[in-house]
Amino acid sequence: FSSASSDVDAFIGCLSTSIPCNLVKTPGTNSYSELLMSTVQNLRAVLPGTTMPVVIIAVTEPAHVQATVVCGRRHSVRIRTRSGGHDYEGLSYASLNPDEHFAVLDLAELRTIDIDVARSEAWVGSGATIGELYYATAAANQTFGFPAGNCPTVGVGGHLSGGGFGALSRKYGLSADNVLDAVVVDAEGRLLNRSTMGEALFWAIRGGGAESFGVVVSWKVRFVPVPETVTVFSISRSRNQSAVELITRWQLIAPVLPRDLYLRVLVQNQQAAFVALFLGQCGRLVDTMRRYFPDLGMTEQDCQEMSWVKSTIFGYFKTANLPTEVLLNRTGTNYFLKVKSDHVRQLIPRQAWENIWDKWLEKPEAARVMLDPYGGFMGTISPSETPFPHRNYIYQLELFSSWFENGTETLEKRLSWLRGVHEDLTPYVSKNPRAVYANYRDIDLGTNELEGNVTSYEKARVWGEKYFKGNFERLASVKSKVDPEDFFRNEQSIPPLPAEK
Ligand code: FDA
């Protein structure tokens, strides 16, 4: 797989026998840059120094995906798959290897959402966004919901295959926990569903990151029941309004709240915002908050009652006063981005929060700190049920740094802030190994190295066990069965399990 330019020419020639040439974009043309940038969420991933695809294929049907895989293998051109382009390190469309010649399969046009109201199920194309899925779900029935993340422009393909955590997860688990079937193109170019791919591969693509195993074309998902009226609030407290004391208390309370209540904390601009989604009406929410968390002082005036779909808008835009169609907007704001994350099992003491606030949160380059509670249904699922193993923590902690100014100085400042806080958190967060959610990709955890023609299993364990703990070996075992030659490969793809293991 050296992929010389003659291989690339032969690859494009091969594509031309099955894919209309207007769907195959090569560098130098306007439509190439337009398509490349169309879903680039993180501008850091397209800075000079990263390698861009030699061709992008804007597929419109599953047969195009099959043809690309067959041609790629025949002519030694690897493939990266992009659904929504929200990978934190841009690995769906950029490579860190200056010598790599690869193609991108862009699935944005594979975004049909086909709903079976009677069965509370839908087939969703990987190229749909979760905003489009939320919109279609509620349009089908106001009492249907789907557990997924906060940002509506995230793609279904990457999100479901990496897990999918959000405001309904304490009640109904991850997106991946609510996947019933999937259609996948494997390394042989075959189109498989759950019964033809088998349970091992079906397990792997629900949280293990499908990029290592094939290309998921569509997903069959199960809707979950939500009431016609839900309630949200957002209450902000500054340092001198007891923000630190409240965060310290929150750690004990949020994971044991009733499953109908999701209460997260966002710390930004020296304010801690306590943001809630309650699957019920205001009166019951006020009673619950008084019983569990009286110190926050939540009252009826804080309540905003609305439909579930409006609550997804509130969760992201901080106001529900926008038309529901805002969820159909496929392009959000793009910026430079870097994220580090952890999981917490025992509460971080108040003094540690005081120190973090004093030393880090007052700096102008401070990231948004997000605390997302687990517990509830999440805590009842076995860590090996899906590849996502972090079920028994009390919450997840994310440092989300985003900025608009391009320049090395800003970049370095942002990165050193993140690495400094990450270091200072060491005594308080998950250990041996540190536990990281696979969808919050962090290249600092380690990158793959080759051993012969395939990715080294031993080297990959360094980053892989942080994402997947004991499930990493099982993922590698699936990989060795479905893609032993390691065709689907990137800097953090699952390697095949060596034969002697
Ligand atoms: P993208 O297309 O970049 O793909 C991500 C990875 O999946 C790549 O390795 C890619 O090759 C692979 N892939 C994508 N589609 C595939 C397919 N069809 N078949 C095989 N492999 C495929 N997460 C969360 O759980 N809760 C949240 O609230 C948020 N919020 C959030 C906000 C913002 C602003 C960002 C940028 C990200 C998040 N995320 C998140 C993280 C998000 O879930 C994660 O980045 C997803 O992988 C993004 O999926 P996309 O399809 O958009 O990414």
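All values below were derived from every heavy atom in this structure, side-chain atoms included, with hydrogens, water molecules and symmetry-related copies excluded. Just so it is clear, the model here is predicted, and its values are computed rather than measured. For ligands, and for the atoms within them, numbers begin at 1 and follow the listed sequence.
Arg461 places no side-chain N or O within 3.5 Å of a backbone atom of Tyr457 that could act as its donor or acceptor partner. Listed for the Asn448 side chain is a donor-acceptor partner under 3.5 Å among the backbone atoms of Asn490.
Checking only distances, Gly84 does come within under 3.5 Å of ligand 1, N or O to N or O. When only interatomic distances are considered, the shortest N/O to N/O separation between Arg441 and ligand 1 falls below 3.5 Å. Considering both main-chain and side-chain atoms, Leu107 never comes within under 3.5 Å of ligand 1 through any nitrogen or oxygen pair. No N or O atom of Phe400 sits closer than 3.5 Å to an N or O atom of ligand 1. Distances between N or O atoms of Asn150 and those of ligand 1 include at least one value under 3.5 Å. Residue Asn439 has at least one N or O atom closer than 3.5 Å to an N or O atom of ligand 1. Between Gly158 and ligand 1, at least one N/O pair is under 3.5 Å apart. Close N/O approach between Thr153 and ligand 1 is not found [any backbone or side-chain N/O within under 3.5 Å].
Counting heavy atoms under 4.0 Å from ligand 1, residue Arg82 touches it through both backbone and side chain. Contact annotation: for Leu91 versus ligand 1, there are no heavy atoms closer than 4.0 Å. At a 4.0 Å heavy-atom cut-off, ligand 1 does not touch Tyr316 at all. Looking at Ala210 against ligand 1, both its backbone and its side chain come within 4.0 Å, counting heavy atoms.
Side chain to side chain, Thr39 and Arg82 meet the donor-acceptor criterion of an N or O pair below 3.5 Å. Of the N and O atoms on the side chains of Asp486 and Thr455, at least one donor lies less than 3.5 Å from an acceptor on the other residue. A donor-acceptor pair shorter than 3.5 Å can be found between the side chains of Tyr467 and Gln492.
Every side chain to side chain contact (heavy atoms under 4.5 Å, CB included) that Glu365 has, sequence neighbours left out, goes to Lys363, Lys413, Arg414, Trp417. For Ser416, the side chain to side chain donor-acceptor pair (under 3.5 Å) criterion is met by no residue, not counting sequence neighbours.
Under the 6.0 Å cut-off for aromatic ring centres, Tyr393 and His343 qualify, their centroids lying closer than that. Taking the six-membered ring where the residue is Trp, the centroids of Trp250 and Tyr395 are separated by under 6.0 Å.
The shell of residues lying under 4.0 angstrom from ligand 1, judged by heavy atoms, includes Gly164. Gly214 counts as a contact of ligand 1, since one of its heavy atoms falls under 4.0 Å from the ligand. Residue Phe388 places every heavy atom at 4.0 Å or more from ligand 1. Residue Gly85 places a heavy atom less than 4.0 Å from ligand 1. For Val154, the heavy-atom gap to ligand 1 drops under 4.0 angstrom. Contact analysis puts Tyr437 in contact with ligand 1, with a non-hydrogen atom separation below 4.0 angstrom. Tyr440 counts as a contact of ligand 1, since one of its heavy atoms falls under 4.0 Å from the ligand.
For Lys459, the NZ atom is loosely surrounded, since the number of other residues' heavy atoms within 6.0 Å does not exceed 12. Crowding of Glu121 atom CD: a count of heavy atoms from other residues, nucleotides or ligands under 6.0 Å exceeding 12.
In this structure, of Ser83, Ala148, Ser92, Gly163, the residue bringing a heavy atom nearest to atom 16 (C) of ligand 1 is Ser83. Between the choices His159, Gln492, Gln396, Met370, the shortest heavy-atom distance to atom 24 (C) of ligand 1 belongs to His159.
A cation-pi contact, defined as under 6.0 Å to the ring centre and within 45° of the axis, links Arg368 to Phe400. Geometrically, Arg441 does not engage Tyr88 in a cation-pi contact defined by less than 6.0 Å to the ring centre and at most 45° from the axis.
The Gly149 neighbourhood of ligand 1 comprises atoms 26 (N), 27 (C), 28 (O), with distances under 4.0 Å to a heavy atom of that residue.
Of the protein's non-hydrogen atoms, Gly155 N, 2.8 Å is the one closest to atom 52 (O) of ligand 1.
When the options Thr410, Leu411, Asn406 are evaluated for a side-chain contact (heavy atoms from CB on, under 4.5 Å) with Phe336, the one that passes is Asn406.
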